[in-house]
Amino acid sequence: MQKYLINNLEDYEGQEVTLMGWASNKRESKGLVFVILRDGSGWCQCVVSLELVGEALFEEARKVTLESSLQITGKVLKDERQMGGFELQASSIKLIGESNDYPIAKKEHGVDFLMDKRHLWLRSQRQWAIMRIRNKIIFAIHEFFQKEGFVQMDAPLFTGNACEGTSNLFETDFYGDPAYLSQSGQLYGEAMAFSMGKIYTFGPTFRAEKSKTRRHLSEFWMIEPEMAFYDIFENMDLIENFLRSVVSSVLAGCEKELAIIGRDTQILKNIVKPFPRLTYDEAVRIIKGEQDVNGKNAITSLEDELSSVKTRIILVQTEITEREEKIKTPGMKKGEIGFNQAQIDKLKQELGDLEENERNIPQWLNSARNFTYGNDLGGSDETVITRLFDVPIMVYNWPHEVKAFYLKRDPDNSKFARGVDVLAPEGYGEIVGGGERETDEKLLIEKINEHQLPMEAFEWYLDLRRYGTVPHAGFGLGLERLVTWVCKLPHVRESIPFPRMYGRLLP
RNA sequence: UCCUUCUUAGCUCAGCUGGUUAGAGCACAUGACUGUUAAUCAUGGGGUCCCUGGUUCGAGCCCAGGAGAGGGAGCCA
């Protein structure tokens, strides 16, 4: 049997085709049933007319419920009003699988409920679009590295040693010995780069951070390229080309998906502009408001934001009260009441978010004003600084104390390590962390002791310095954080099919 | 681990200073309507007000403890 897909209906205009999928919506009036069929490739309205199909099939169509699966045969007609530009005039309809009381209604839901129904939520249009963009990003990542001559080589997921400290690790039992789920393939990447020259790993990573924020997952996918004979500056060039290439692929190949989620693509298009490179010292001055960027000051723009949030809160509250009064007026049509109630729901949602901001911004302001030189940037500091830019920025040369033991000490100033973080614009913050690796065995041993890591677990790693060490560098990209920024999602949990996070193991 | 907001019908939410039998919209069921776009209209069924204890003549509302969720800090991709 020939398989037809909704996304290429245009090839069959005027012809009879059979579509198979699920009913994502149904409306009926006398003699007509409208079924919105989705088949994974797209959405298409199918019109079942009593006149054309007869009594029996029409009854079948009337029995269609949300998300029941169907096979519909009919003629493809052009119809400008429809989403894909086409609709199907049904000649026959067959129910494949019933669906009773589908829990996800045609209206807004809360997060907790949707997360509990994640297996069904994935069917909705917005989630469909996000997952398609995720897929495109993954494909573009492979495409970029393969074209650049990298070889994909994966690191193990069971590890005996912690690469960046022992906390935040998931412990498991490995034939009676404790083993940890990998939180980075970094060290193995270095070994593989010394075999292959340029490699990248692509796999899951596990971090037992008890974080409940919009940017944390316990299980996420990381891409970690590692290159022999690269210094930090060549590394930054690569990161920039890489992100530019991936985002450009999404812009070129996911126009429809970006439109569905309502992503304003202007900022994504800025990806062609050079990424500003700031040293840690510059970044700190900007965060503390001592240095302006593009005519904007971190502190004052945050203060402005706070006052506009406060103004908006008052406006929203007034509108809610007005609409609530309006609903109470007697004789109002049911439809108008419904409309107003929907508006009130939306406004309340916005009010909740605004109040959240009203609570958080003063804390962020406080932490920016009192930032202590020498500390790592916190989540709020990243937000504060990235709001001033419309392209990703790179912050490099960090105080060596706050960075991982394997980062190379800056030869020009031993206070600094040659690490680099890439922060996504629009307040998204860190999406990439990387740097040039330490090649000096003595300095590494010093650092391992300083961090109180078990030396014997790193003997193999030190071998890489003993047998033909070379300058090398690499970075790690959090796939979900990139997806979240590209789609401008409010939370990482929508960027992965089944998120695993603190307090969430099902479904 | 800490700070903060929240938990009322299947879902999203009202519920005034503590006062009769807890409400609306959506969803669902039945009916009306020949082009609907979250269709509309009419009718109907649907409740352990998160749990435990307390105050009170009386608790969805007040108090204490607990559970769960959202957001944030720390940590991080």
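Lettering follows sequence order; numbering is per chain, from 1.
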Scanning all shown strands, the Watson-Crick or wobble mate of B/U20 with both distances under 3.5 Å is none
Among the nucleotides B/C76, B/G35, B/A39, whichever has the atom closest to the side chain of A/N25 is B/A39
Next on the checklist: So for A/E356 and B/U4, does any side-chain atom that can act as donor or acceptor lie under 3.5 Å from a complementary atom in the base?
Outcome noted: no
> Can A/F34 be called stacked on B/G35 when the rule is centres closer than 5.5 Å and an angle between planes below 30°?
Replying inline: no
From the candidates B/G74, B/C11, B/U34, the one with an atom nearest any side-chain atom of A/F113 is B/C11
pair_partner(B/U43), Watson-Crick or wobble, both distances < 3.5 Å, evaluates to B/A29
Closest of B/G70, B/C33, B/C11 to the A/V111 side chain is B/G70
What's A/T205 touching, base or sugar-phosphate or nothing? Going by heavy atoms closer than 4.0 Å. nothing
Can you tell me if A/D39 uses its side chain to pair, donor with acceptor, with the backbone of A/G42 under 3.5 Å?
yes
Regarding the side chain of A/R359, the nearest nucleotide among B/G72, B/A77, B/U5 is B/U5
- Query: Checking all strands, does A/E480 fall into the base, sugar-phosphate, or nothing category for heavy-atom contacts under 4.0 angstrom?
  - Reply: nothing
Mate of B/U1 across any strand shown (Watson-Crick or G-U wobble, both atom pairs under 3.5 Å) is B/A73
dist A/I199:CD1 -> A/E190:CD (nearest 0.5 Å) comes out at 9.5 Å
Check whether any side-chain nitrogen or oxygen of A/R493 sits under 4.0 Å from OP1 or OP2 of B/G71, and answer yes or no. yes
Note to self: Regarding A/I431, tell me which of base, sugar-phosphate or nothing describes its non-hydrogen contacts under 4.0 Å with the strands shown.
What the structure shows: sugar-phosphate
With a non-hydrogen cut-off below 4.0 angstrom, is A/V492 in contact with a base, only sugar-phosphate, or nothing? nothing
Quick one, A/Y280 and A/P399 - any side-chain contact, counting heavy atoms below 4.5 Å?
yes
Practice prompt. Would you indicate what A/E430 reaches in the nucleic acid, counting non-hydrogen atoms under 4.0 angstrom: base, sugar-phosphate, or nothing?
Written response: sugar-phosphate
### Query
Quick one: is B/U36 close enough that its OP1 or OP2 comes under 4.0 Å of any side-chain N or O from A/R27?
no
Notebook entry, point to check: Heavy atoms under 4.0 Å, any strand shown: does A/W364 hit a base, just sugar-phosphate, or nothing?
Noted result: sugar-phosphate
Ranking A/G110 and A/L77 by the position along RNA chain B of their nearest nucleotide, the one closer to 5' is A/G110
Atom OH of A/Y502 and atom P of B/A73 are separated, to the nearest Å, by 16 Å
Exercise for the section: For A/G503, report the nucleic acid contact type (base, sugar-phosphate, nothing); a contact means any heavy atom under 4.0 Å. Expected result: sugar-phosphate
Self-check item: Cation-aromatic face contact A/R244/A/F275, 6.0 Å, 45 degrees
Solution: yes
**Asked** Between A/F475 and A/F145, what is the ring plane arrangement, given parallel below 30°, perpendicular above 60°, and tilted in between?
**Response** tilted
B/G10, OP1 or OP2 - any side-chain N/O from A/H109 closer than 4.0 Å? no
When we call it a touch if two heavy atoms are under 4.0 Å apart, what does A/R214 touch: a base, just sugar-phosphate, or nothing? sugar-phosphate
So, is A/K210 close to the B/G74 phosphate, meaning a side-chain N or O under 4.0 Å from OP1 or OP2? no
In whole angstroms, the gap separating P of B/G10 from CG of A/D116 amounts to 15 Å
Under a 3.5 Å limit on both distances, the Watson-Crick or wobble mate of B/A64 is B/U52
The nucleotide from B/C75, B/G70, B/G35 with an atom nearest the side chain of A/H216 is B/C75
*From CA spacing to verdict: side chain to side chain donor-acceptor pair (under 3.5 Å), A/Q186, A/R437*: CA-CA 10 Å; A/Q186 148 79 48; A/R437 316 308 183 190; 2.8 Å; yes
Practice task
Would you indicate, yes or no, if B/G71 has its OP1 or OP2 atom less than 4.0 angstrom from a side-chain nitrogen or oxygen of A/R215?
Solution key: no
